[in-house]
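The next block holds one structure in the form of structure tokens; read it before the comments.
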Amino acid sequence: MAGRTQIPTKSSALIAMIADEDTVTGFLLAGVGNVDLRRKTNYLIVDSKTTVKAIEDAFKEFTAKDDIAIVLISQYVANMIRFLVDSYNKPVPAILEIPSKDHPYDPAHDSVLSRVKYLFSAESVASDRR
């Protein structure tokens with residue numbers, strides 16, 4: 001199809017994480033963790049001492065890497081950098097907001113869900129015109 005961007009395919013890709021310690025630990029135990037040759041990890045543990053700048057830098061780094069397919073980010077962390085999350089529009093890596101133990105999921109702040117609602121409302125308007 002013309003005008004559509006091709007999604008690159010690879011034999012393997014990583015999942016990056018930006019979340020609280022408990023969430024990251026759970027995913028690390030499941031085998032998501034990676035440390036490259038430069039000792040850079042594919043996760044950022046966010047606690048009360050983590051600055052917004054550090055979160056922004058990690059988000060920019062993870063979304064710029066070509067070996068990452070999905071960035072999982074806790075929703076309360078995504079709210080700290082909402083302007084970056086909402087302005088990100090590339091298909092890969094996909095940004096998925098997840099709940100954390102201490103902060104419940106709020107569908108009103110989920111960028112993916114809001115985009116899906118927008119697409120379905122646009123499709124329903126377009127189908128009504130036919």
Side-chain angles (χ1 to χ4, degrees):
M1 288 187 205
R4 287 216 150 172
T5 59
Q6 279 290 0
I7 297 175
T9 57
K10 288 186 168 190
S11 60
S12 66
L14 298 173
I15 297 174
M17 295 258 340
I18 304 174
D20 60 284
E21 185 174 15
D22 291 339
T23 304
V24 171
T25 301
F27 278 92
L28 291 177
L29 289 171
V32 170
N34 184 58
V35 180
D36 65 11
L37 295 174
R38 294 182 309 247
R39 309 285 299 157
K40 299 283 276 177
T41 61
N42 65 328
Y43 57 88
L44 173 69
I45 296 175
V46 177
D47 58 13
S48 61
K49 298 175 188 166
T50 308
T51 64
V52 174
K53 174 128 177 61
I55 297 169
E56 290 175 7
D57 292 344
F59 182 83
K60 290 175 184 175
E61 176 187 343
F62 293 153
T63 55
K65 291 177 76 173
D66 60 349
D67 62 341
I68 293 181
I70 300 171
V71 176
L72 298 176
I73 183 168
S74 289
Q75 191 176 48
Y76 83 96
V77 176
N79 287 337
M80 295 179 195
I81 58 167
R82 179 59 57 198
F83 62 96
L84 276 177
V85 174
D86 287 346
S87 65
Y88 184 79
N89 59 4
K90 296 179 184 173
V92 176
I95 309 300
L96 297 177
E97 296 179 31
I98 59 174
S100 65
K101 182 175 74 171
D102 298 327
H103 300 86
Y105 174 75
D106 182 7
H109 292 294
D110 191 335
S111 60
V112 173
L113 186 59
S114 65
R115 288 178 188 178
V116 169
K117 285 181 180 178
Y118 174 77
L119 287 174
F120 278 116
S121 66
E123 284 180 9
S124 65
V125 169
S127 66
D128 289 343
R129 292 182 184 169
R130 291 182 193 168

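- Both Leu44 and Ile95 are assigned to one and the same hydrophobic cluster, defined by single-linkage of ILVMFWY side chains at heavy-atom distances under 4.5 Å.
- In this structure, Glu21 places its CD atom where only 12 or fewer heavy-atom neighbours from other residues, nucleotides or ligands lie under 6.0 Å away.
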Practice task
For side chain to side chain contact (heavy atoms under 4.5 Å, CB included), just list the numbers for Val85 and Glu97, CA-CA rounded to whole Å, side-chain angles, deciding distance to a tenth of an Å, and then say yes or no.
Solution key: CA-CA 10 Å; Val85 174; Glu97 296 179 31; 3.6 Å; yes
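- Here the CD1-CD1 distance, from Ile18 to Ile45, works out to 12.0 Å after rounding to the nearest 0.5 Å.
- Ring-plane geometry between Tyr88 and Phe59 is classed as perpendicular, the angle between the planes exceeding 60 degrees on a 0 to 90 degree scale with a lower cut at 30.
- In the hydrophobic clustering of this structure, Leu72 groups with Val32; members are Ile, Leu, Val, Met, Phe, Trp, Tyr whose side-chain heavy atoms approach within less than 4.5 Å, directly or through other members.
- Under a hydrophobic clustering in which Ile, Leu, Val, Met, Phe, Trp and Tyr are joined whenever their side-chain heavy atoms come within less than 4.5 Å, directly or via other members, Tyr76 and Ile73 fall into the same cluster.
- A distance of 10.0 Å separates CG in Leu14 from CG in Asp66, rounded to the nearest 0.5 Å.
- Residues Val46 and Asp20 form no side-chain contact, since every pair of their non-hydrogen atoms from C-beta on lies 4.5 Å or further apart.
- Of all heavy-atom pairs spanning Asn34 and Asn42, the tightest one is N-OD1, 2.8 Å.
- With hydrophobic clusters built from ILVMFWY side chains whose heavy atoms lie under 4.5 angstrom apart, Phe83 shares a cluster with Ile55.
- Within the 4.5 Å cutoff, the side chain of Thr23 has heavy atoms near those of the Met17 side chain.
- Closest heavy-atom contact between Tyr43 and Phe62: N-CZ, 3.6 Å.
- Looking at heavy atoms from C-beta onward, Val77 lies out of side-chain contact with Thr50 at the 4.5 angstrom threshold.
- Nearest heavy-atom pair across Ile70 and Ile68 is O-CG2, 3.5 Å.
- Taking the side chain to side chain donor-acceptor pair (under 3.5 Å) definition, one finds that Asp22 meets it with Lys101, sequence neighbours left out.
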Exercise for the section: Dump the intermediate steps for side chain to side chain contact (heavy atoms under 4.5 Å, CB included) on Asn79 and Arg82, then the final yes or no. Expected result: CA-CA 5 Å; Asn79 287 337; Arg82 179 59 57 198; 2.6 Å; yes
Practice task
Mind running side chain to side chain contact (heavy atoms under 4.5 Å, CB included) on Thr63 and Leu84 for me, showing each step along the way?
Solution key: CA-CA 11 Å; Thr63 55; Leu84 276 177; over 6 Å; no
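- In this structure Phe27 satisfies the ring-ring contact (aromatic ring centres under 6.0 Å, His included) test with no other residue, sequence neighbours excluded.
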Handout entry: Working for salt bridge (charged side-chain N to carboxylate O under 4.0 Å, His left out), residues Asp47 and Lys49
Key = CA-CA 5 Å; Asp47 58 13; Lys49 298 175 188 166; 5.8 Å; no
